[in-house]
Engineer: 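Take a look at the following structure, please.
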Amino acid sequence: MDGYPLFSLVPWTVFLPVIGLLLNLLVGKRLGEKGIGLIASLASGLAFVVSVLLAIALKGHPEAVTIPLAEWITVGEFNLSWAFRVDTLSVTMMLIVTGVGTLIHLYATGYMHNDVRHNGDPERYRRFFVFFNLFIVAMLILVSADNYLMLFVGWEGVGLCSYLLIGFWFEKGADGIGNARAAKKAFIVNRIGDFGLLIAIFLLFWNFGTLEFDGIFAKAAQAAPALLLAITLFMLLGVTGKSAQLPLYVWLPDAMAGPTPVSALIHAATMVTAGVYLVARSSPLYIQAPAAQMTVAWVGALTALLAATIAIGQYDIKKVLAYSTISQLGFMVAAVGMGAFVAGMFHLATHAFFKALLFLAAGSVILGMEHGEEHAAQGHSPGSHELDPQDMRNMGGLQGRMRTTFWVYLVGALALAGIAPLAGFFSKDEILAAAFQQTPAIFVLLIISAFFTAFYMGRQLFLVFFGKARSAAAEHARENPAIITVPLIILAVLSVLGGALNLPGVYTLEHWLEKSLAHVPKVEFTAWVALLSLAVALAGLFLAWLVYSQRRMPFKDTDPLARYLGGLFTAVYNKWWVDELYQAVIVRPYRRLAEFLAQPVDVGLIDGIANGLGSVSRSIAEQLRRFENGYVRSYALTILVGVAVIMAFLLFR
Amino acid sequence: MIIHPLILLTFFPLAGVLLVVFLPSESKKAIRWAALGASLATFAISLWMLSLYRVSESGMQLVINQPWFKIGASQVSFIMGVDGVSILLVLLTTFLTPISILSTWTAVQERVKGFMLFFLLLETGMLGVFLALDLVLFYIFWEFTLIPMIFLIGIWGGENRVYAAVKFFIFTMAGSVLMLLAILYLGLQAGTFSFTELSASRGLFAAAQTWLFLAFGVAFAIKVPMWPLHTWLPDAHVEAPTAGSVILAGVLLKMGAYGFLRFNLSLFPQATLQFAPWMAALAIIGILYGAAVSFVQKDMKKLVAFSSVSHLGFVVLGIFALNSQGMSGAVLQMVNHGLSTGALFLIVGMLYERRHTRALSEFGGVWKSMPILGGLALVVMLSSVGLPGLNGFVGEFTILLGTFGSKVLGSPWFAGVATVGVILAAVYLLHWFESVFLGAIRKEENRVLVDLNWREILTLAPLLIVIFWIGLYPKPFFNLINPGVEQLAALLQSATVALH
């Protein structure tokens, strides 16, 4: 790294947001909202600047560099440091995390100003940005780690921030506890995944003698196939937790209880992509374990399809986006599973742009609805305050009143649907092309998912922005100020141009990333696959138009789709009852088991035996009661006597 | 040097006892300050001892050895010394005692004098246990800790205090009797009670290893407590005053785990190798069982008590992994558990002082009325959950890593099943945090709770600082532990070779 002093800046990507959160924690109270927002955004923004500098340095020196910081754990032959890794893969993630992160920080300074007032606790503004900066810290630890244990620190750290921010309004939600429950669910489900990652780490250490990436990857080719299969499959369990894949995806929809900037940053753009990053980072292991790769790909593809079907039946504007995120993560996981690491990372990047955009724009819609609701409540009866501002059935016709939000939402939705030449078209097409070349069955699953994607986004567009307003709130909705809309416009531009990252024929991202990946298969641009995916997207949008635009949906009417699909719609509306299944098969049995152990077993059996032996003990208790007369001097005397007896016994035995 | 540092350290709390004895019972304030001063001075002395300790050297240091008396022909000596296995436990004791005393400032209003006397006596007893290197001396200190604890529970405890105190007494005594017999057998066989001499001549009693291991082991297993000998613990914790619970969980339980490490492993290595899989299995049952039972408790103290069963299961598992990662992790985890569970009991005590109840159903939404306590409790809870970046993770990870690769246990299943405990810990601890601090406020009393005052913040702050320190930079702690543990690992390694 001589001659490249810029690399040694990498710890500052972590330190800067640490400083930001400490400043806000210590003096934020005195600074007021402006100061808090500025510090937090600046901390994230400066971390972005450092990431850009690192990227520049990498252009001249593309090989991976390790920057050690401090010794960490040293026990016996186990020796590990806090050490950072700078390579094209980690810096790509840093750029996405801090870049999108900073935009969302800026947006949040405006959004949270309203949100804390709407929820009646302005004091919590500061706490939000402390948690938000903490998230940036954890995420950067995750992506810049040079070994699996430091990665794990960031891995669980982002889970913690997710927990804290889902439960940010911990006194709200169903029965006053709904949000807290959602937070807990996210943490525990993620912990199940983390269990897998931990076991993988144990296997790695005892078989490779280190947890450092380079040390492990250098020996990967010589390792036993069964061992690599075990490691990669246990890792996959971690991936399904963090990246919300089958069977652990169930926490992500509930995570929408967090404020909308949280949904955008953590539960769409960055944290949930950690699993995709992990597989890409571990590419030297995965390419040695074809069976694991196949499993990963199938998990991704099945998740993509399942989540896409559920998204069709949701009414909550954020729930649709949540299931859409799960589905898109499925695309990425399928891609990295098939060895198309670049395609997966490409989609990760473009998805970060357009999904962050969609969530933030949805937040803008919600704010507009809340404003309209307050406005309507002033003029009319206050009883109409029960309205859910996130329910799309209460919306309609918003394109007229929220012009900017409408246009950027349209861009995001079309990019997600995969309409050329927006960003999502190119990245999704690369995944489809890879699937087509490798595993036609996965290609079929993904193309069906792509069709559903276009359909549910069309449905959302029509329900939210077109037709007539279906509530007073929607009638009085209002566009938001520039602090909200400017980040949206920037993200919209990125969603339009993001495809340029890896245009067919140029392949900028591919040439950039191949320095960090084990093996990059050539994915040929297949014209007819591109045309097919475009046709499928257009068909989905067209079908949505047929269903939702011609028959304008009056307020609270049944979804027109329900009339065509009947029971099938009920099933997707109820998310195929997976939550209920887990409740019945895991949650309730565990509680019953715990209660059985606590009462009949512990109090009854184990303590019963102890107390039975101690009918003796009870009689001694009776005896002892006489000594408990409350005088300290008599206790002191007792002690003396006791010690004397013991000594006497020992001496004169 | 006029007075030996370990003597000064062990018996300095007795100077506090003398001071308190001569203060009139009515001047509670003076008594409290005297006790706090004495315990802080003891802490300072322990830091002085640390400065004399040569970190990189293995073996006993600062040893004092005076012949004392004879039992039959066997020499009993006053031997004390400190090494990597014990030094952190000594520091933990001197660190937690002033914190516990500070926590009683308003909580203990009756018979303050007696309380402080017992508390300081207890400190001497605990320090003696960790420092004694003669088996008779160890036994005297071991039993001696029992007395003040019984009275702390039996006098200042809750409604069912006598039952709990007696149960605690009976359980511990039952174990100790066997240990006493084993100690006498050892001493009379070898002609000495010195730990160092005994471990050098362990061949003399090799034939009786199995029984000796069990006799010591039962005493220690009850103290830890290992499943299924744990049922005294929930009762003792529920009835004990807050400071008693902090010391009970923080230090007294560690005496059991320490006993395994110090005596069973060194004196009976062959038996240790034979029993290791069984001990590990019991430890894993404890991890899972404690976690599950903790989840459905309605009383906060019971919840934390069963969490101790689970956490101490990790400690015992690490010990019987019998490699350097497992054992170093176990020692560190003893410290971690003292910090995080100590802090949990302090938090429960702070809530109890305000609401006079520990029922989970009485709380909810407290983060809103007590934001400072909410924030601190969050960190403590996460430390107990084993979140990376905080202390608990470093200990648990090292233990599980060691267990996974343990040659003695010989199967990754031990670590695999134990790791499930990491998930279950999140289940019961998040459940606790949610029930107390999250959700909407359901009881009007909780709306007006007063947040922590400076004294209370000062009680928790030192614990939190160390929680972060160990989590982010555990190196100084491992540097202290490792040499002592390496020695044990080498001993067991050669025992393994001898066995095959």
Side-chain angles (χ1 to χ4, degrees), chain A residues 70-76 78 121 149 152-153 156-157 160 167 170-172 176-177 180-181 183-184 187-188 191-192 194-195 198-199 201-203 205-206 590-591 593-595 597-598 602 606-607 610 614 616-617 620-621 624-625 628 630 632 635-636 638-639 642-643 646-647 650-651 653, chain B residues 69 71 111 113-114 117 136 140 143-144 147 151 154-155 162-163 166-167 170-171 228 231 289 292-293 295-297 323-325 328-329 365 367-368 382 387-389 394 398 400-401 404-405 412 415-416 419-420 422-423 426-427 430-431 434 438-442 473-475 478 482 486 489:
Chain A
E71 282 185 63
W72 185 13
I73 300 178
T74 309
V75 187
F78 183 77
D121 188 0
L149 198 65
F152 188 76
V153 172
E156 283 228 321
L160 165 70
F170 56 77
E171 68 274 52
K172 301 282 165 70
I177 193 85
R181 289 263 159 82
K184 185 174 73 177
F187 195 98
I188 291 171
R191 266 257 154 152
I192 297 172
D194 297 352
F195 163 85
L198 266 180
I199 301 284
I201 287 175
F202 299 149
L203 283 168
F205 174 73
W206 288 109
Y590 177 63
R591 179 173 272 282
L593 173 71
E595 262 154 12
L597 290 178
D602 201 72
I606 299 181
D607 204 33
V616 189
S617 95
I620 293 174
L624 269 179
R625 185 157 299 170
E628 205 230 317
V632 171
Y635 297 138
T638 320
I639 298 169
V643 173
I646 294 168
M647 298 294 283
L650 292 172
L651 283 169
R653 202 188 56 95
Chain B
F69 59 89
I71 299 177
R111 292 183 255 195
K113 187 170 172 175
L117 286 176
V136 173
I140 291 172
E143 289 296 325
F144 184 77
I147 300 159
F151 288 112
I155 299 175
V162 176
Y163 169 75
V166 170
K167 195 170 182 179
I170 302 283
F171 263 84
T231 57
Y289 181 95
V293 174
F295 174 52
V296 291
Q297 295 306 311
N323 53 17
S324 45
Q325 289 86 8
S328 283
W367 199 350
K368 192 150 190 171
L382 293 169
L387 188 88
V394 180
T398 320
L400 289 170
L401 185 77
F404 198 92
T419 309
V420 174
V422 174
I423 303 174
V427 173
L430 292 184
H431 165 71
E434 175 190 298
L438 303 184
I441 291 179
R442 294 188 306 273
Y473 193 63
K475 189 169 183 271
F478 277 124
N482 285 342
E486 294 293 349

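All chains are named by letter (A, B, ...) in the order of the sequence lines, taking the proteins before the strands, and each is independently numbered beginning at 1. Source: prediction; values computed, not measured.
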Engineer: Is it the side chain or the backbone of B:Glu486 that comes within 4.5 Å of chain A heavy atoms, both, or neither?
Structural biologist: side chain
Engineer: Which value, rounded to the nearest 0.5 Å, describes the distance between B:Asn323 atom CG and A:Phe78 atom CZ?
Structural biologist: 12.5 Å
Engineer: Name the region of B:Thr419, side chain, backbone, both or neither, that has any atom closer than 4.5 Å to a heavy atom of chain A.
Structural biologist: both
Engineer: For the atom pair CD (A:Glu595) and CZ (B:Phe295), what is the distance rounded to the nearest 0.5 Å?
Structural biologist: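 Answer rounded to 0.5 Å: 8.5 Å.
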Engineer: Run B:Tyr289 and A:Asp602 through side chain to side chain contact (heavy atoms under 4.5 Å, CB included) and show every step you take.
Structural biologist: CA-CA 10 Å; B:Tyr289 181 95; A:Asp602 201 72; 2.5 Å; yes
Engineer: Give the minimum heavy-atom separation between A:Arg591 and B:His431, together with the two atoms involved.
Structural biologist: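 Taking A:Arg591 first and B:His431 second, the nearest heavy atoms are NH2-CE1, 4.3 Å.
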Engineer: When rounded to the nearest 0.5 angstrom, what is the spacing between NZ in B:Lys368 and CZ in A:Phe170?
Structural biologist: 6.5 Å
Engineer: Show the numbers, then the answer: is there a side chain to side chain contact (heavy atoms under 4.5 Å, CB included) between A:Phe195 and B:Val420?
Structural biologist: CA-CA 7 Å; A:Phe195 163 85; B:Val420 174; 3.9 Å; yes
Engineer: Would you say that B:Leu430 contacts A:Arg191 through its side chain, given a criterion of any heavy-atom pair below 4.5 Å between the two side chains?
Structural biologist: no
Engineer: So which residue, B:Gly405, B:Ser324, B:Gly329, ends up with the most heavy-atom pairs under 4.5 Å with chain A?
Structural biologist: B:Gly405
Engineer: Using the rule given for side chain to side chain contact (heavy atoms under 4.5 Å, CB included), can you reason through B:Ile441 versus A:Glu171, listing the C-alpha separation, both sets of side-chain angles and the distance that settles it, and then say yes or no?
Structural biologist: CA-CA 7 Å; B:Ile441 291 179; A:Glu171 68 274 52; over 6 Å; no
Engineer: Only pairs of heavy atoms separated by less than 4.5 Å count here; which of B:Leu401, B:Val293, B:Leu438 has the most with chain A?
Structural biologist: B:Leu401
Engineer: Of all the heavy-atom pairs spanning B:Gly439 and A:Ala180, show the shortest one and how long it is.
Structural biologist: N-CB, 4.3 Å
Engineer: Could you look at A:Trp72 and say if it's the side chain, the backbone, both or neither that has a heavy atom under 4.5 Å from chain B?
Structural biologist: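 The answer is both parts of A:Trp72.
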Engineer: Which bit of A:Leu198 is near chain B, if near means a heavy-atom gap under 4.5 Å: side chain, backbone, both or neither?
Structural biologist: side chain
Engineer: For residues B:Ala292 and A:Ala594, report the shortest heavy-atom separation together with the two atoms involved.
Structural biologist: O-CB, 3.2 Å
Engineer: Return the minimal non-hydrogen interatomic distance between A:Thr74 and B:Phe478, and the atom names on each side.
Structural biologist: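 The pair with the smallest heavy-atom distance is O-CB, 3.9 Å.
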Engineer: What's the shortest heavy-atom distance between B:Val296 and A:Ala598, and which atoms?
Structural biologist: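 That closest heavy-atom pairing would be CG2-CB, 3.5 Å.
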Engineer: Taking all non-hydrogen atoms of both residues into account, name the closest pair between A:Trp206 and B:Gln325 and its distance.
Structural biologist: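 Of all heavy-atom pairs spanning A:Trp206 and B:Gln325, the closest is CH2-OE1, 3.7 Å.
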Engineer: Can you tell which of A:Ile201, A:Ile199, A:Leu597 has the highest number of heavy-atom pairs within less than 4.5 Å of chain B?
Structural biologist: A:Leu597
Engineer: Roughly how far, to the nearest 0.5 Å, is the OG1 atom of B:Thr398 from the CD1 atom of A:Ile73?
Structural biologist: 4.5 Å
Engineer: Using the ring of each side chain (for Trp, its six-membered ring), is A:Phe202 parallel, tilted or perpendicular to B:Phe404, with breaks at 30° and 60°?
Structural biologist: tilted
Engineer: So for A:Leu593, is it side chain, backbone, both, or neither that comes closer than 4.5 Å to the heavy atoms of chain B?
Structural biologist: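 When you check distances to chain B, no heavy atom of A:Leu593 falls under 4.5 Å.
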Engineer: Select one option (side chain, backbone, both, neither) describing which atoms of A:Phe152 are under 4.5 Å from chain B's heavy atoms.
Structural biologist: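 When you check distances to chain B, atoms from both the backbone and side chain of A:Phe152 fall under 4.5 Å.
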Engineer: Using side chain to side chain donor-acceptor pair (under 3.5 Å) as the criterion, list what pairs up with B:Asn482, not counting sequence neighbours.
Structural biologist: B:Ser328
Engineer: Tell me, side chain or backbone of A:Phe205 under 4.5 Å from chain B's heavy atoms, or both, or neither?
Structural biologist: side chain
